[in-house]
Colleague: 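One structure coming up, written as structure tokens, with questions to follow.
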Number of protein chains: 2
Amino acid sequence: MQKTFKALSDPTRRKVLQLLRERDMTAGEIAGYFNSTKPTLSRHFSVLQEADLIQGTKNSSTITYRLNVTVLEETLLAMMEMFNIDPERMKND
Amino acid sequence: MQKTFKALSDPTRRKVLQLLRERDMTAGEIAGYFNSTKPTLSRHFSVLQEADLIQGTKNSSTITYRLNVTVLEETLLAMMEMFNIDPERMKND
DNA sequence: TAGCTATTTAGCCAACTAGCTAAATTATAA
DNA sequence: TTATAATTTAGCTAGTTGGCTAAATAGCTA
């Protein structure tokens, strides 16, 4: 839980999640969207992975990351419960 | 936005918000729920206040803090939009 | 095997964070 | 005005974070 919050508190990592929301991507592909170096992004990946927000699988020489949507949804739900917020009020209309 | 995320990423501050969810409280009253010193809590209050998550008003010699529920709800909504999550799926049943 | 690509690990640094104690501030009470 | 209570500010320390470069690892390909 705390790991997930910490992982979400960084803007770079949130953007990574947004990118993966569209489709699975390799580490290098994701890194292409940022100005930081690959080692820097690599560490962000490991933080996200430790929080179980993404999952990487090796495909021969590349690693493809995929978003763990369920964990993201569960975290938001947990937050709403923690603060006693009514989901009905979250509707965006 | 980033300030709000950072403010929410600390467990002590989340617990402060939870306490204020129940009712308004003075700084000292809130501090009574924690093992940390008052100066430490005081700084947490200022972080929460800068993120606009709480608001303090002076009552003679005490300061009463109150939760800004709207900002909390808006932040969660923004997160859900950011990650394209359907509010319907957040229902807790 | 040697070389190339993709990715991570190691090691360093500057900036930030959360905790503490001591001191300053502000208001009330004697 | 002196003392007490509530709270914050200042200044310090230890630990964490995010960035970088250089080196290591793993898988291909010639």
Side-chain angles (χ1 to χ4, degrees), chain A residues 1-20 22-68 75 79 82, chain B residues 1-20 22-68 75 79 82:
Chain A
M1 187 79 262
Q2 176 56 9
K3 264 187 188 170
T4 316
F5 273 106
K6 271 298 174 69
L8 287 173
S9 74
D10 181 89
T12 300
R13 288 192 288 263
R14 286 198 299 275
K15 195 176 168 193
V16 169
L17 296 179
Q18 278 187 289
L19 287 169
L20 291 178
E22 297 305 314
R23 59 182 176 79
D24 297 356
M25 286 187 191
T26 65
E29 205 173 357
I30 300 171
Y33 286 88
F34 298 86
N35 293 320
S36 301
T37 61
K38 287 179 179 188
T40 294
L41 266 296
S42 177
R43 202 158 44 171
H44 282 306
F45 299 153
S46 86
V47 171
L48 288 169
Q49 204 159 206
E50 273 189 32
D52 204 27
L53 283 163
I54 67 176
Q55 194 186 327
T57 54
K58 295 197 76 158
N59 306 318
S60 70
S61 70
T62 66
I63 297 183
T64 298
Y65 284 105
R66 128 180 156 266
L67 178 65
N68 198 340
T75 303
M79 258 174 126
M82 165 176 289
Chain B
M1 187 80 262
Q2 176 56 9
K3 265 187 189 170
T4 316
F5 274 106
K6 272 298 173 71
L8 287 173
S9 76
D10 180 89
T12 299
R13 288 193 289 264
R14 286 198 299 276
K15 194 176 168 193
V16 169
L17 297 179
Q18 278 187 290
L19 288 169
L20 291 177
E22 297 305 313
R23 60 181 175 81
D24 298 356
M25 286 187 192
T26 64
E29 206 173 357
I30 300 170
Y33 286 88
F34 297 86
N35 293 322
S36 301
T37 61
K38 288 179 177 188
T40 295
L41 267 296
S42 178
R43 201 159 44 173
H44 282 306
F45 300 154
S46 85
V47 170
L48 288 170
Q49 204 161 206
E50 273 189 32
D52 204 26
L53 283 164
I54 68 175
Q55 193 185 328
T57 54
K58 293 197 78 160
N59 306 318
S60 70
S61 69
T62 66
I63 297 182
T64 298
Y65 285 105
R66 123 173 161 270
L67 178 65
N68 199 340
T75 303
M79 258 176 126
M82 164 176 287

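Order of the sequence lines fixes the chain letters, A, B, ..., with proteins taken first and strands second; residue numbering starts at 1 for each chain.
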Colleague: Would you tabulate the side-chain donor-acceptor contacts of residues 59-68 of chain A under 3.5 Å, counting partners in other chains and residues two or more places apart, or write 'none'?
Modeller:
{"residue": "A:Asn59", "atom": "ND2", "partner": "A:Thr64", "partner atom": "OG1", "Å": "2.6"}
{"residue": "A:Thr62", "atom": "OG1", "partner": "A:Asn59", "partner atom": "O", "Å": "3.3"}
{"residue": "A:Arg66", "atom": "NH1", "partner": "A:Gln55", "partner atom": "OE1", "Å": "3.3"}
{"residue": "A:Arg66", "atom": "NH2", "partner": "A:Gln55", "partner atom": "OE1", "Å": "3.3"}
{"residue": "A:Asn68", "atom": "ND2", "partner": "A:Asp52", "partner atom": "O", "Å": "3.3"}

Colleague: Looking across every strand, which nucleic acid part, if any, lies under 4.0 Å from A:Ser46 by heavy atom: base, sugar-phosphate, or nothing?
Modeller: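 A:Ser46: no heavy atom of the nucleic acid under 4.0 Å.
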Colleague: Looking at every non-hydrogen atom in both residues, tell me the closest pair between A:Thr12 and A:His44 and how far apart they are.
Modeller: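 For A:Thr12 versus A:His44, the nearest heavy atoms are CG2-CD2, 3.8 Å.
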Colleague: Once you round it to whole Å, what is the distance between P of C:dT8 and CG of A:Leu48?
Modeller: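 Roughly 12 Å, once rounded to whole Å.
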Colleague: Can you name the atoms? Protein N/O to nucleotides 14-21 of chain D N/O, anything below 3.5 Å, with the distance.
Modeller:
{"residue": "D:dG18", "atom": "OP1", "partner": "A:Asp10", "partner atom": "OD1", "Å": "3.2"}
{"residue": "D:dG18", "atom": "OP1", "partner": "A:Arg13", "partner atom": "NH2", "Å": "3.2"}
{"residue": "D:dG18", "atom": "OP2", "partner": "A:Arg13", "partner atom": "NH1", "Å": "3.2"}
{"residue": "D:dG18", "atom": "N7", "partner": "A:Arg43", "partner atom": "NH2", "Å": "3.0"}
{"residue": "D:dG19", "atom": "OP2", "partner": "A:His44", "partner atom": "NE2", "Å": "2.4"}
{"residue": "D:dG19", "atom": "N7", "partner": "A:Arg43", "partner atom": "NH2", "Å": "2.8"}
{"residue": "D:dG19", "atom": "O6", "partner": "A:Arg43", "partner atom": "NH2", "Å": "3.1"}
{"residue": "D:dC20", "atom": "OP2", "partner": "A:Thr37", "partner atom": "N", "Å": "2.9"}
{"residue": "D:dC20", "atom": "OP2", "partner": "A:Thr37", "partner atom": "OG1", "Å": "2.9"}
{"residue": "D:dC20", "atom": "OP2", "partner": "A:Thr40", "partner atom": "OG1", "Å": "2.8"}

Colleague: Can you list, pair by pair, the side-chain donor-acceptor contacts under 3.5 Å of residues 26-34 of chain B, counting residues two or more places apart and other chains?
Modeller:
{"residue": "B:Thr26", "atom": "OG1", "partner": "B:Glu29", "partner atom": "N", "Å": "3.2"}
{"residue": "B:Glu29", "atom": "OE1", "partner": "B:Thr26", "partner atom": "N", "Å": "3.2"}
{"residue": "B:Glu29", "atom": "OE2", "partner": "B:Arg23", "partner atom": "NH1", "Å": "3.0"}
{"residue": "B:Glu29", "atom": "OE2", "partner": "B:Arg23", "partner atom": "NH2", "Å": "3.0"}

Colleague: By salt bridge (charged side-chain N to carboxylate O under 4.0 Å, His left out), which residues pair with A:Lys3, not counting sequence neighbours?
Modeller: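 Result, salt bridge (charged side-chain N to carboxylate O under 4.0 Å, His left out) vs A:Lys3: A:Glu50.
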Colleague: Just by protein heavy atoms under 4.0 Å, how would nucleotides 24-30 of chain D read 5' to 3' in B, S and -?
Modeller: --SSS--
Colleague: Nearest-Å distance, CD1 (A:Ile54) to C1' (C:dT8)?
Modeller: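 These atoms are roughly 13 Å apart.
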Colleague: Please report, rounded to the nearest Å, how far the C1' atom of C:dA6 is from the CD atom of A:Glu29.
Modeller: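 My rounded result for the distance is 13 Å.
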Colleague: Under the side chain to side chain contact (heavy atoms under 4.5 Å, CB included) criterion, do A:Arg13 and A:Leu8 qualify, and how do the steps go?
Modeller: CA-CA 7 Å; A:Arg13 288 192 288 263; A:Leu8 287 173; over 6 Å; no
Colleague: For B:Tyr65, answer base if it contacts any base atom (sugar-phosphate contacts may also be present), sugar-phosphate if it contacts only those atoms, and nothing otherwise; contact means non-hydrogen atoms under 4.0 Å.
Modeller: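 Touches sugar-phosphate only.
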Colleague: Under the side chain to side chain donor-acceptor pair (under 3.5 Å) test, which residues partner A:Gln18, sequence neighbours left out?
Modeller: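 Here no residue qualifies.
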Colleague: To the nearest Å, how far apart are B:Lys15 NZ and C:dA18 P?
Modeller: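 Nearest whole value for this atom pair: 17 Å.
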Colleague: Roughly how far apart are B:Asp10 CG and B:Leu48 CG, rounded to 0.5 Å?
Modeller: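 Taking CG in B:Asp10 and CG in B:Leu48, the distance rounds to 8.5 Å.
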Colleague: Within the 4.5 Å heavy-atom criterion, are A:Leu41 and A:Val16 side-chain neighbours or not?
Modeller: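 SC-SC contact between A:Leu41 and A:Val16 confirmed.
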